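Please read all numbers here as calculations on a predicted model, not as lab measurements. Whatever order the structure lists ligands and atoms in, that order sets their numbers, starting from 1.
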Amino acid sequence: MSSKKIINIGIIGCGRISGHHARSIVTTNGANLIAVCDLDYSKAEFYMKEFGVKGYINYREMLNLHPEIDTVAIITPSGMHYEHSVEIITKYKKNVIVEKPTFMKPSQVSDVYKLANENNVQVFAVFQNRHNKAVQRVLKGIQNNELGKIRTIAVRVRWCRPQRYYDLAAWRGTYSMDGGCLTNQGIHHIDLLKLLCGEITRVSSSHRTLGSNIEVEDTAVATMEFKNGAIGTLEITTAARPIDYEASISLVCENGLAQIGGIAVNELQVYTPDENTCKLNSEDFSGNVYGNGHAKIYQEIVNSLQSPENKFPVTSEDTFSTIQLLNAFYVSDENQQWVEVSKVGDSKRLGREDNTLADLYRIK
Ligand SMILES: NC(=O)c1ccc[n+]([C@@H]2O[C@H](COP(=O)([O-])OP(=O)(O)OC[C@H]3O[C@@H](n4cnc5c(N)ncnc54)[C@H](O)[C@@H]3O)[C@@H](O)[C@H]2O)c1
């Protein structure tokens, strides 16, 4: 019998993506789902029945009644991740698993990792597309120089999010709680850009709202310069109609083209150095646009909590640079000019304070 510590997890927020967490927890060796919580009890009830766990409306009650919980998955509206993480870390001293986009502002990323450090707990940022086979294969080809030097990069996300999607909840489509297509949908591809191609030095970005009546951008087009000399473009929209078409990243490199496409960067469509690898490294995501990465992330979380030498791959520096880059696109659009990513602070719009909205997601 293994003597390794079991990681006891509680979930806050039982909405659309929470099933990927709950199912991943119950199927991960070394992880245990203790309780779930949602302001809407009927959503918690769903998992109470499915997994035989306790359910709550108030996460403070959940944490007080279950001191055995050592790790909390924060799956609340994006603009609440910061407030919820700060409380869970400082008052309850728990590790936090935070859904994308982690936090809205680079300053919030710094704050939370610092607090986690001071309280001797960890922060686990969720970027599950990193685990797509196609992404891993291209990363390997870059790391072992099979692809050679990267010359150009193109990100293209053409998804359909109609008005009814934004009307699902008050937080959607707002700068304070959600951000637009870059923050909600594109954050995955922004993270992958950095993972695959390294540091981005300068960006110039233009944003529009073209398909829905929302305050945030549903369309963004940007040009990027990379430290390694490559240049790239990014086109992200949720104003495609009437269906989702693609989320792709392609890299023109010294030794050929690497093109990852499909609905969610899940198909290796072209890989010049070894065309035979394409089929092997493509996954079918039909009916599951979120992919299969959450289970792999939970295994990494358990490994890292059981043995500190197993470092969780998304470091604080990683999360900071992703959110700084995200904010750089907004700052460029706000100032209508190229911006140096490393000098960017918080965008004026993203994650701006809105207590009326935040009060909907606070416990009284
Ligand atoms: N990794 C991915 O691919 C992925 C996909 C979808 C969503 N997400 C992220 O997950 C988060 C949630 O998204 P969603 O689509 O599930 O949203 P959702 O609106 O469906 O669910 C959010 C849930 O949080 C609950 N909630 C809010 N405040 C709470 C509180 N104080 N206590 C308990 N419950 C509370 C709400 O009642 C709601 O049920 C967002 O940050 C989003 O960006 C990630």
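- The ring of Tyr361 has its center no closer than 6.0 angstrom to the ring center of His84.
- When ring centroids are compared, His207 and Phe329 stay outside the 6.0 Å threshold.
- Using a 4.0 Å cut-off between a side-chain N of Lys or Arg and a carboxylate O of Asp or Glu, Asp191 and Lys100 do not qualify as a salt bridge.
- The pair Glu199-Lys194 does not meet the salt-bridge criterion, since no charged nitrogen lies less than 4.0 angstrom from a carboxylate oxygen.
- Nearest heavy-atom pair across Arg161 and Arg241 is O-NH2, 3.4 Å.
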Using residues 338-345 as the side-chain source, report each donor-acceptor pair under 3.5 Å to any protein atom, sequence neighbours left out, with the distance given to one decimal.
none

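- Protein residues with any heavy atom under 4.0 Å from ligand 1: Ile12, Gly13, Gly15, Arg16, Ile17, Cys37, Asp38, Leu39, Lys43, Tyr59, Ile75, Thr76, Pro77, Ser78, His81, His84, Glu99, Lys100, Gln128, Trp171, Arg172, His188, Tyr290, His294, Tyr361.
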